[in-house]
There are 2 protein chains.
Amino acid sequence: MPRMTKREAGGPATIIDVAREAQVSIKTVSRVVNAEPGVHEETLKRVKEAIERLQYRPKLSARALAGARSFIVGLFYFDEQSAFIGNLQRGATQTCRELGYHLIVEPLQASATDLVSHVERSLSALRPDGVILAPPLCDHAEVLQAMQRQGTRIVKLSPRELQGSCIGIDDVQAARELTQLLLDAGHQRIGFLQGPPDQIASQRRQQGFSAALRAARRKAAWVWPGDFTFQSGVAAARIWQDQPNRPSAVFSANDDMALGLMAEARRLGHQVPEALSVVGFDDAPAASMVWPGLTTVRQPLEDMAARAVHLLVGQNTQPCRIVMPHRLMLRQSVQERAEA
Amino acid sequence: MPRMTKREAGGPATIIDVAREAQVSIKTVSRVVNAEPGVHEETLKRVKEAIERLQYRPKLSARALAGARSFIVGLFYFDEQSAFIGNLQRGATQTCRELGYHLIVEPLQASATDLVSHVERSLSALRPDGVILAPPLCDHAEVLQAMQRQGTRIVKLSPRELQGSCIGIDDVQAARELTQLLLDAGHQRIGFLQGPPDQIASQRRQQGFSAALRAARRKAAWVWPGDFTFQSGVAAARIWQDQPNRPSAVFSANDDMALGLMAEARRLGHQVPEALSVVGFDDAPAASMVWPGLTTVRQPLEDMAARAVHLLVGQNTQPCRIVMPHRLMLRQSVQERAEA
DNA sequence: CTGAAAGCGCTTACAG
DNA sequence: CTGAAAGCGCTTACAG
């Protein structure tokens with residue numbers, strides 16, 4: 001008497017059960033599951049019916065062990081930057097689902113001493129077919145090296161051109177447009193709240209800001225270093241307040257700082273936007289939940305993550321650089337100045 | 001001449017390479033990797049050294065295929081509720097990492113017609129050792145059934161007692177304390193902004209609110225149905241404004257609605273908290289980014305997720321109910337009323 | 001305390 | 001167009 005298969009023992013159906021049910025070899029079932037061409041139409045039909053009848057679902061671990069793919073895509077990011085990741089995760093998961101892949105998330109601590117070893121452990125255990133790197137993790141040299149050592153395909157969500165594929169918006173152009181908005185509203189004295197200097201996005205946004213002012217034959221009225229945190233925006237508000245000739249508008253290199261600046265300015269008794277206009281960058285969830293709403297730039301994070309998954313999973317291994325369209329989100333944090 | 005192992009061919013080391021290097025059988029290497037007892041001290045040392053030297057990392061798919069565990073934990077949630085998930089994800093990933101597990105996230109759309117089939121597909125492909133269900137997904141009967149059919153261990157992040165393990169805070173008590181805060185501040189007319197009636201948390205919070213008022217021999221001045229979205233808070237502001245005898249304080253069953261209410265009230269020209277005090281529930285990220293900051297309740301989401309992972313991965317399969325401590329977050333959205 | 005053998009459920013490389 | 005065999009890299013169940 002032959003051994004019982006799992007199926008007969010009550011477990012989930014395996015490829016053997018399907019093969020038997022459809023009167024074909026397991027290889028043919030495999031062909032159908034992987035949508036390989038060259039299966040006779042009638043056979044195809046029989047196998048599909050058997051799969052349906054038996055509720056067969058191929059087991060990921062078996063496929064991964066036997067084959068060259070793991071059907072897993074990773075989304076690695078710095079924990080602190082979690083305002084981003086909701087949208088990224090949505091886009092990535094959605095696309096993974098369509099393509100039969102699964103998403104593993106790996107929140108990392110930028111400050112951890114064993115950051116790189118975490119990354120390595122995770123990669124060698126899971127062997128993902130590809131990894132999406134969110135900013136600013138995508139600028140982290142050591143992590144990039146570790147990825148390369150493991151031979152992991154990556155897509156960076158970054159505007160940088162070098163080393164592998166990346167997807168981003170044109171930060172410089174977006175910042176220029178946002179600055180122009182302030183100029184058009186009649187602001188004469190415009191300040192800039194900087195992000196961390198080692199992040200590419202910080203640099204690009206300031207470049208765009210400066211370019212727009214230059215084109216208008218102006219100079220920044222005030223520049224102050226922040227670190228992209230809400231707290232650094234709060235701190236900046238006091239400095240702004242103490243300026244002898246206060247800027248009437250401030251361009252903050254991201255939303256978190258912009259929100260901190262707004263909240264603290266208001267706490268100190270300054271009206272926004274009457275006494276201080278503010279623009280940010282990112283369209284963080286909170287940007288549309290405060291009053292007045294924060295005028296900012298939106299990156300199409302969902303679409304970016306979706307395209308990243310396609311790049312990682314697809315045939316083409318050529319590095320490429322994709323620039324996505326950004327969107328200005330006009331809200332109430334900018335005041336028209338009569339004196340323009 | 002024997003076949004070359006992968007290692008010799010340049011690939012990552014396998015258990016066979018380690019066994020050879022340490023002069024033991026693969027079974028002994030397996031024992032060391034899994035920290036099983038009963039390995040001679042000297043042997044243990046030799047194997048550990050070999051692992052270190054060869055940078056051996058067991059491959060998850062092979063372990064999952066051969067053994068009873070997949071080393072994968074799932075975090076399933078409704079996409080719309082993503083304010084939560086940053087903290088949940090942090091806690092879950094951290095604990096998974098410590099225990100040698102990996103986290104798969106599955107954002108689901110509540111409105112999707114194929115919700116249950118998504119869940120089923122995901123479960124049967126990945127075979128996670130356990131799944132954490134975030135609210136309000138944890139209250140979804142059909143999804144719970146699907147989990148049960150697959151024999152998946154689950155932990156619900158919910159205050160409900162029935163059917164399996166759950167971890168939550170005492171919503172009733174927390175709501176009572178928050179209401180008491182309003183009463184102590186001297187508010188005579190207090191309104192309540194409800195969440196969706198089918199969510200357990202909604203009901204519990206209203207119960208606590210009502211209990212506190214009852215104890216103070218008061219009645220709710222105003223009750224209005226919301227759906228936990230920012231937009232429904234915005235809509236409620238206009239209704240509040242039109243009340244003949246406006247409540248001076250409103251308890252919103254969650255933060256998103258509270259923030260909508262605050263923003264819209266201010267847009268309509270009412271000062272917060274002078275004309276309207278507001279309290280929320282959840283301590284969403286935005287609650288501390290607005291001015292005035294929103295007074296609310298914080299659930300220890302990180303710790304909750306960490307404990308959930310321990311429950312799912314541990315030996316004990318007894319269902320249990322864990323109540324975690326909540327924390328009142330006092331900010332500026334509540335005004336002291338002199339007339340008290 | 002340690003190991004030899006079988007097997008998990010697929011894909012790969014090959015043959016016809 | 002289809003299939004038989006080997007093998008992926010581990011754990012399980014068993015033996016000693």
Side-chain angles (χ1 to χ4, degrees), chain A residues 2-9 11-47 51 54 56-72 100 124-127 129, chain B residues 2-9 11-47 51 54 56-72 100 124-127 129:
Chain A
R3 272 185 96 267
M4 279 208 309
T5 63
K6 278 253 176 130
R7 173 69 183 177
E8 290 158 345
T14 71
I15 197 169
I16 297 182
D17 300 309
V18 178
R20 187 174 305 163
E21 176 87 6
Q23 313 261 42
V24 294
S25 72
I26 61 168
K27 175 61 204 174
T28 296
V29 178
S30 175
R31 284 194 181 95
V32 174
V33 166
N34 292 291
E36 288 172 31
V39 175
H40 193 90
E41 196 175 333
E42 198 176 304
T43 315
L44 186 68
K45 182 157 169 280
R46 232 177 36 246
V47 173
I51 288 177
L54 265 39
Y56 170 62
R57 307 271 180 253
K59 195 165 168 173
L60 212 68
S61 56
R63 300 181 83 184
L65 182 58
R69 296 181 291 174
S70 67
F71 297 95
I72 284 178
S124 47
L126 260 10
R127 319 276 163 103
D129 294 329
Chain B
R3 272 184 96 266
M4 281 207 307
T5 63
K6 278 254 178 123
R7 174 68 181 178
E8 289 158 344
T14 71
I15 198 170
I16 297 182
D17 300 309
V18 178
R20 188 173 307 165
E21 176 87 6
Q23 313 261 42
V24 296
S25 72
I26 60 168
K27 174 61 205 176
T28 296
V29 178
S30 175
R31 285 196 179 92
V32 173
V33 167
N34 292 292
E36 288 171 30
V39 176
H40 193 88
E41 196 175 332
E42 198 176 306
T43 314
L44 186 67
K45 182 156 170 281
R46 236 180 29 251
V47 173
I51 288 177
L54 265 38
Y56 170 62
R57 306 272 179 254
K59 194 166 168 173
L60 211 69
S61 55
R63 300 181 83 184
L65 182 57
R69 296 182 292 174
S70 66
F71 297 94
I72 285 179
S124 47
L126 261 10
R127 319 276 163 103
D129 294 330

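Throughout, a chain's letter reflects where its sequence line sits, starting with A, and its residues are numbered from 1.
In this structure, Val32(A) and Val29(A) have side chains that are not in contact, with every pair of non-hydrogen atoms separated by 4.5 Å or more. Side-chain contact check for Thr43(A) versus Arg31(A): every heavy-atom pair is 4.5 Å or farther apart. Using a 4.5 Å heavy-atom threshold, the side chains of Lys27(B) and Glu36(B) count as touching. By the 4.5 Å heavy-atom criterion applied to side chains, Arg127(B) and Pro12(A) are counted as neighbours. Using a 4.5 Å heavy-atom cutoff, the side chains of Ile15(B) and Tyr56(B) are in contact.
When rounded to the nearest whole Å, the span between CD1 of Ile16(A) and P of dG7(C) equals 11 Å. Here the C1' atom of nucleotide dC1(D) and the CG atom of Leu44(A) are 12 Å apart, to the nearest Å. Taking atom CG of residue Asp17(B) and atom P of nucleotide dG9(D), one finds them 9 Å apart after rounding to whole Å. We find that CD1 of Ile15(B) is positioned 13 Å from P of dA4(C), with the value rounded to whole Å. Taking atom CD of residue Gln23(A) and atom C1' of nucleotide dC1(D), one finds them 17 Å apart after rounding to whole Å. As rounded to whole Å, 9 Å separates atom P of dC8(D) from atom CG of Leu65(A). The separation between Lys59(B) atom NZ and dC10(D) atom P is 8 Å, rounded to whole Å. Whole-Å rounding puts the Arg69(B) CZ to dC10(D) C1' distance at 12 Å.
Considering only side-chain atoms of Lys27(A), the nucleotide from dC10(C), dC10(D), dT12(C) that sits closest is dT12(C). In this structure, the nucleotide among dT11(D), dG3(D), dC10(C) sitting nearest to the side chain of Ala66(B) is dT11(D).
Within the nucleic acid shown, Ala64(A) has no heavy atom closer than 4.0 Å to any nucleic acid atom. Using a 4.0 Å heavy-atom distance criterion, Phe71(B) is classed as making no nucleic acid contact.
Under the rule for a side-chain contact (heavy atoms from CB on, under 4.5 Å), the partners of Lys45(A) that lie at least two apart in sequence or sit in another chain are Glu49(A). For Ser70(B), the side-chain contact (heavy atoms from CB on, under 4.5 Å) partners at least two apart in sequence or on another chain are Ala64(B), Ile72(B), Asp129(B). With sequence neighbours excluded, the residues forming a side-chain contact (heavy atoms from CB on, under 4.5 Å) with Ala22(A) are Val24(A), Val47(A), Ala50(A), listed by chain and number. When the side-chain contact (heavy atoms from CB on, under 4.5 Å) test is applied to Ala125(A), the partners found at least two apart in sequence or on another chain are His102(B).
For DNA chain D, if you chain together Watson-Crick or G-U pairs that step i with j, i+1 with j-1 and so on, the runs of at least three with distances under 3.5 Å are C:1-3 with D:14-16, C:5-12 with D:5-12, C:14-16 with D:1-3.
Contacts with DNA chain C (heavy atom under 4.0 Å) in residues 31-43 of chain B: Arg31(B), Gly38(B), Val39(B), His40(B), Thr43(B), listed by number.
Between dG3(C) and Ser25(B), a contact under 4.0 Å exists linking OP1 or OP2 to a side-chain N or O. For Thr28(A), a side-chain nitrogen or oxygen approaches OP1 or OP2 of dG3(D) to under 4.0 Å.
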